[in-house]
Amino acid sequence: MTDQKPFVDIRHAKKSYGTLEVLKDINLQVQKGQIVAIIGPSGSGKSTLLRAINDLDPLTGGEVWLEDKQINKKLPHRQYEAHINQVRQEIGMVFQHFNLFPHLRVRENVTLAPKMLKGITDAEADKLAEEQLDKVGMLERIDHYPSQLSGGQKQRVAIARALAMNPKVMLFDEATSALDPELVEEVNLVMKKLAEEHMTMIIVTHEMSFAESVCDRVLFMDQGVVVEEGPPEVIFRNPTSDRTKEFLRKHLAGQHP
Amino acid sequence: MQKVFPFFLEAAWITVLLSVLTTILGLILGIIGASARLSRFALLRFLGAAYVSVFRGTPALIQLFILYFGGPQIGIQLDAFEAGVIGLGINAGAYMTETMRGAIIAIDKGQIEAARTVGMSRGLTMRYVVLPQAMRLMIRPLGVNINAMIKATALVAAISVVELTYTAQRFIGSTYKPFEMFLIAGLLYMIIIYITGQAVAWLDRKARIT
């Protein structure tokens, strides 16, 4: 595994807002099919790092690569736009607040981008929507509007929307943080299913038990640096850093008595 | 008394015509103004902002006077009706610019991010994600702009367009009944505004997302 060329490669990522440094020289290599969880307290920079991968929050220093393409290339405006719109098609993203398009039905939420960007026919789009929605268990709601769905259902549709572009990697930005506790499981199940299909995933999460059961690797971030990283059984059961221990102790209080 | 009614009806028609044409011009200028204010280019943003501050920052009556009375001095010859439509339209456009811009920037940033992360360009995102939602948001406030503008058409009486207010004033001279004359004009304005309000409310209901 280690000698393989990384699939997603973040090199010396730096990000600052004025004098505030939110990412301080972060390196992260993810192999194809790997599932990496990023955990850490709020303000640790984990979401910023994730959002740097598709250049939603551009880095102030460092490089992000997907296979042999540099994502955050410095290009003149027009060329950059063409470039980024192309690479973003290969990177699916799921947000904490779903961000479904409220004016479109579930079906059109899934097919809007493929129709616009891949020029597929209406019949192909319908088939695509049905496939993807079936995968997340939302086929029955295909003609509903997002406002008629529960949070868990919305998030499953959002995952189907991202999958419809047939991405090479999926980014999850606290996908279950905004959900009522009883709705978390249905979204976790969909993510587990993707894991079984060997989708490459980078997951920012507060769900420690989910991270432990699904991920190959866990990064603990605090104050803009990766404090510790390793396999979940090490990070969760046997962390070396005091900051990791402290974070887990606080976080797991109440979850695992 | 009865003799004045046909004149008032004709005048009401002129007011309606003024309102419709001004609304159309205002909407067009509003779209241009809002696009400029939201442009990537600083110069366009500046021009948009200047348009809004100049025309919201001065009385519409002064704008009409400058156009109608001052226009010929700089080679702009307009009849009173044309000056009324153009003057009020430019004025309404400044208000509508802000209404449209407000509705567009009110759309949740997450909507734009969701569209951009699947690879949609700025243009596609604006057209298929932001505008369909913003247009629904702007119906009511544009209705408020139009309401204000219909009432502002009374100002063009001052440049002698024969609309409702001018007609009321004209008949005071022959009837000596200012109370009745202004009451008739007021009632006709109210009918026009009521119908417009209902139309806006209907559009708003129709555009609502289920």
Side-chain angles (χ1 to χ4, degrees), chain A residues 47 50-51 53-57 71 77-78 80-105 108-118 143-148 154 157-158 160-167 169-171 173 178, chain B residues 31 34-46 99-143 200-210:
Chain A
S47 279
L50 192 78
R51 290 162 59 87
I53 295 174
N54 58 8
D55 219 26
L56 213 51
D57 267 348
I71 294 168
H77 180 81
R78 290 184 83 118
Y80 168 79
E81 284 293 316
H83 157 78
I84 200 70
N85 291 337
Q86 203 60 45
V87 272
R88 279 180 180 157
Q89 293 187 31
E90 303 182 336
I91 307 171
M93 188 164 202
V94 176
F95 301 88
Q96 184 178 358
H97 296 290
F98 332 124
N99 300 348
L100 289 182
F101 307 131
H103 60 298
L104 300 177
R105 289 174 198 274
E108 284 89 34
N109 263 278
V110 175
T111 58
L112 179 66
K115 270 177 144 170
M116 291 297 139
L117 303 172
K118 297 191 167 172
D143 288 316
H144 285 59
Y145 281 96
S147 60
Q148 299 167 309
K154 283 181 194 168
V157 172
R161 175 176 66 182
L163 291 175
M165 290 302 287
N166 196 21
V169 51
M170 287 283 285
L171 312 176
D173 191 4
Chain B
I31 291 167
S35 312
R37 291 220 57 186
L38 294 168
S39 166
R40 296 199 283 121
F41 301 106
L43 178 67
L44 289 179
R45 285 201 301 277
F46 170 78
T99 302
M100 293 180 185
R101 173 175 159 273
I104 289 167
I105 60 177
I107 301 303
D108 180 20
K109 239 180 123 247
Q111 291 289 308
I112 299 165
E113 289 185 349
R116 296 306 310 271
T117 50
V118 283
M120 287 170 68
S121 65
R122 282 163 193 272
L124 287 176
T125 302
M126 188 49 95
R127 180 158 163 212
Y128 291 99
V129 175
V130 177
L131 284 181
Q133 296 182 57
M135 263 144 75
R136 292 172 165 93
L137 281 186
M138 63 178 80
I139 293 172
R140 287 263 173 192
L142 281 176
V200 169
W202 176 81
L203 258 178
D204 186 60
R205 273 196 307 277
K206 247 200 114 185
R208 206 163 291 166
I209 303 163
T210 34

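Chain identifiers are assigned alphabetically (A, B, ...) following the order of the sequence lines, protein sequences preceding nucleic acid strands; residue numbering begins at 1 within each chain.
- Going from atom CD of A/E81 over to atom CZ of B/R122 covers 4.5 Å, rounded to the nearest 0.5 Å.
- In plain terms, the two heavy atoms of A/N99 and B/A114 that are nearest each other are O-CB, 3.5 Å.
- With rounding to the nearest 0.5 Å, the separation of CG in A/L171 from OG1 in B/T117 is 9.0 Å.
- The distance from atom NE2 of A/H97 to atom CD of B/E113, rounded to the nearest 0.5 Å, is 11.0 Å.
- Interatomic distance, A/F101 CZ to B/T125 OG1, rounded to the nearest 0.5 Å: 7.5 Å.
- Options A/E90, A/Q86, A/H77, A/R161 differ in how many heavy-atom pairs under 4.5 Å they form with chain B, and the most are formed by A/H77.
- The greatest number of non-hydrogen atom pairs below 4.5 Å with chain B, out of A/L117, A/V94, A/N54, A/L100, is found for A/L117.
- Across every non-hydrogen atom of A/P102 and B/Q111, the tightest pair is CD-OE1, 3.4 Å.
- Using a 4.5 Å heavy-atom cutoff, the side chains of A/I84 and B/R116 are in contact.
- For the side chain to side chain contact (heavy atoms under 4.5 Å, CB included) with B/V118, the qualifying choice from A/M93, A/M165, A/M116 is A/M165, the only one to do so.
- Panel note: side chain A/H103, backbone B/L131; no donor-acceptor pair is recorded below 3.5 Å.
- When the shell of 6.0 Å around CE of B/M135 is examined, it contains 12 or fewer heavy atoms from other residues, nucleotides or ligands.
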